[in-house]
Amino acid sequence: MIIFPEGALEKHNPYENKHGLPEVNVVNTAHEGETAKEVVDILMKRYGKVVKFLFASYSHSGFSSKSRDIFDTADKKVATISTAELWKMLTDYHMTQYLTKEELQMLIRAVNLDILGKVESRDLNMT
């Protein structure tokens, strides 16, 4: 039996992989059963207006030194939210105790890759 002095070994975090970034899994409900889809539908029916309000309040709320663009790009900006804006929303509602900034970045990256994969597969099917 080997005994190490206290603090000699860091505790292994099961959510971190070998390069130190947290590992985040995205569950796509399209591949899950009907009960998962029903649960998401119930949650969105109940809290959908709140989520839309929070998104509209925090999307494009950050400072930008660029001049105002035409309406098309303004619509795109309103439809997106940055990591900093999302982090501000989480801190304003005291949700940062459940999620670190690195986990949030990995979650956004995983969702974007999942959406990008759907768009690419749809484009390939159309050709």
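Using a 4.5 Å heavy-atom threshold, the side chains of Y58 and I81 count as touching.
For the residue pair T96 and T91, the shortest heavy atom distance occurs at CG2-CG2, 3.2 Å. Residue E103 comes nearest to Y98 through the heavy atom pair OE1-O, 4.2 Å, listed as atom of the first residue, atom of the second, then distance. In plain terms, the two heavy atoms of F55 and T80 that are nearest each other are CZ-C, 3.8 Å.
For K37, the NZ atom sits in a packed shell: over 12 heavy atoms of surrounding residues, nucleotides or ligands are nearer than 6.0 Å.
To the nearest 0.5 angstrom, K88 atom NZ is 15.0 Å from T83 atom OG1. From W87, atom CH2 reaches atom OG1 of T100 across 6.5 Å, with rounding to the nearest 0.5 Å. If you take CD on Q105 and CG on L99, they are separated by 10.0 Å, rounding to the nearest 0.5 Å. Atom CG of L90 is separated from atom CD of Q97 by 11.0 Å, given to the nearest 0.5 angstrom. Here the CD-CZ distance, from E102 to R109, works out to 11.0 Å after rounding to the nearest 0.5 Å. Taking CD1 of I42 as the start and OG1 of T35 as the end, the distance is 10.0 Å to the nearest 0.5 Å.
L43 and F53 fall into different hydrophobic clusters, defined by Ile, Leu, Val, Met, Phe, Trp and Tyr side-chain heavy atoms under 4.5 Å apart, directly or through other members. A single hydrophobic cluster is not seen to contain both L54 and Y47; linkage of ILVMFWY side chains at heavy-atom distances under 4.5 Å, directly or through other members, places them apart.
Of the charged side-chain nitrogens involved, none lies within less than 4.0 Å of a carboxylate oxygen, so that K45 and D41 do not count as a salt-bridged pair.
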